[in-house]
Amino acid sequence: MYFAVALDGNHEPLLLEVGLGTLECEESWEWFMMKLKEYLGDDTEVGFISNLCDKIDFAVQRVYPDSYHGYCPKDIARKIQDSVGHNDTEFEMLFWKSCNTYSVHEFYFYLEILQSACRNPPFFTFLRSPLFWLDNIAISKWARAFFPKVRYNVKLIDIPQIVKNISTSTHELLITTIIELINKSIQLDYVEWDEIAGMISIGVTPYVDNKVQKRVNNSYN
């Protein structure tokens, strides 16, 4: 199953598109992206965040050549943990600092510390650093300081829970039944959001209002 998920105005996952296929390949992802473009239209500016998948990167470049496509930092962080062989809070902290900084100087500062730590025993081998693969990923795909165009907040948006349940526990059902279950779930979500929107008396969503209030409170001093 292929999913395209966005964030709505209240910072909740919004399922845009679901695709079913027998094989995950470049052609399948390209077909999926073309269907998404038909739905969103040619004039919609979008950015894509995905896991470390070359097939998705290929499809985005073919269908949305002018859009930004980045990799989920959580996915890279997990691969770093796998590379060094264990969960290490220092490595994770250094990675997130290099990932989230807006300054190019600070990015290289934290990245050098991270790479230096990997050069020391027990992580370093005479052959190569455990993070050698990170050099093959374009910095602009995961580091905020190097984002082109609009600096989107790079994060992997969770798939709505109902879709997770359907995709993992209903393999014995017909495809048409699975799609119908997903459609009903989406409709129920829209009804719930519509009711919440009807109760809002200001021009922003509760999530945005909460964020603004926090910034206002922080600015008092």
Side-chain angles (χ1 to χ4, degrees), residues 1-9 11-83 95 99-100 131-168 170-171 173-183 185-186 189-190:
M1 299 184 76
Y2 307 86
F3 299 100
V5 185
L7 283 178
D8 66 10
H11 217 65
E12 296 292 337
L14 174 64
L15 185 63
L16 296 180
E17 183 185 22
V18 178
L20 295 172
T22 57
L23 180 65
E24 184 179 3
C25 59
E26 293 179 348
E27 290 75 15
S28 295
W29 275 112
E30 184 177 0
W31 165 82
F32 182 76
M33 287 293 179
M34 290 176 64
K35 293 298 182 181
L36 179 65
K37 192 169 188 178
E38 290 178 12
Y39 168 69
L40 296 178
D42 292 334
D43 299 330
T44 304
E45 182 180 357
V46 292
F48 295 93
I49 305 298
S50 72
N51 56 8
L52 294 168
C53 180
D54 293 337
K55 301 178 182 66
I56 299 178
D57 193 35
F58 168 84
V60 172
Q61 292 181 29
R62 290 290 297 270
V63 182
Y64 283 94
D66 296 327
S67 69
Y68 170 76
H69 174 231
Y71 292 134
C72 172
K74 289 184 179 179
D75 202 35
I76 298 178
R78 282 193 294 266
K79 189 168 182 179
I80 289 177
Q81 292 175 355
D82 294 340
S83 298
F95 167 74
C99 176
N100 292 329
L131 298 187
F132 71 95
W133 52 268
L134 191 59
D135 294 333
N136 297 326
I137 302 176
I139 297 176
S140 60
K141 284 189 172 295
W142 62 273
R144 179 181 291 169
F146 293 87
F147 280 7
K149 300 182 180 179
V150 178
R151 295 189 176 186
Y152 293 100
N153 183 24
V154 174
K155 62 177 294 183
L156 191 63
I157 305 170
D158 290 332
I159 298 173
Q161 188 61 43
I162 182 64
V163 178
K164 288 183 180 179
N165 294 338
I166 291 174
S167 62
T168 57
T170 57
H171 293 290
L173 298 180
L174 296 174
I175 290 178
T176 52
T177 304
I178 295 176
I179 295 299
E180 186 62 28
L181 289 172
I182 294 176
N183 283 337
S185 171
I186 295 174
D189 286 340
Y190 271 101

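Just so we're clear, the structure is a prediction, and the values are computed from it rather than from any experiment.
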- Note on the structure: Rounding to 0.5 Å, atoms SG (C99) and CZ (R144) come to a distance of 7.0 Å
- Donor-acceptor pair, side chain of Y64 and main chain of G47, under 3.5 angstrom: no
- Task: Please name the pair of heavy atoms, one in S140 and one in F147, separated by the smallest distance, quoted to 0.1 Å.
- Result: O-CD1, 3.9 Å
- For the residue pair W133 and K79, establish whether any side-chain heavy-atom pair is separated by less than 4.5 Å. yes
- Starting at CG of D57, measure out to CG of N51 and round the result to the nearest 0.5 Å. 11.0 Å
- Sub-4.5 Å side-chain heavy-atom contact between M33 and K37: no
- Which atom pair, heavy atoms only, marks the closest approach of V60 to S67? CG1-OG, 3.7 Å
- Nearest-0.5 Å distance that lies between atom SG in C53 and atom NE2 in H69: 8.0 Å
- Message: In the structure I gave you, are the side-chain heavy atoms of L36 and Y2 within less than 4.5 Å of one another anywhere?
- Response: no
- Task: Using a 4.5 Å cut-off on heavy atoms from C-beta on, say whether the side chain of W142 contacts that of L52.
- Result: no
- Message: Using 0.5 Å steps for rounding, measure from the CZ atom of F58 to the CD atom of E27.
- Response: 6.5 Å
- side chain to side chain donor-acceptor pair (under 3.5 Å) partners of E24, counting only residues at least two apart: W29
- Query: Can you tell me how far the CD1 atom of I56 sits from the CZ atom of F32, to the nearest 0.5 Å?
  - Reply: 9.0 Å
- Item | Y71 versus I137, closest heavy-atom pair with distance | CD1-CG2, 3.7 Å
- Query: Between atom NZ of K141 and atom CD1 of I49, what is the distance when rounded to the nearest 0.5 Å?
  - Reply: 9.0 Å
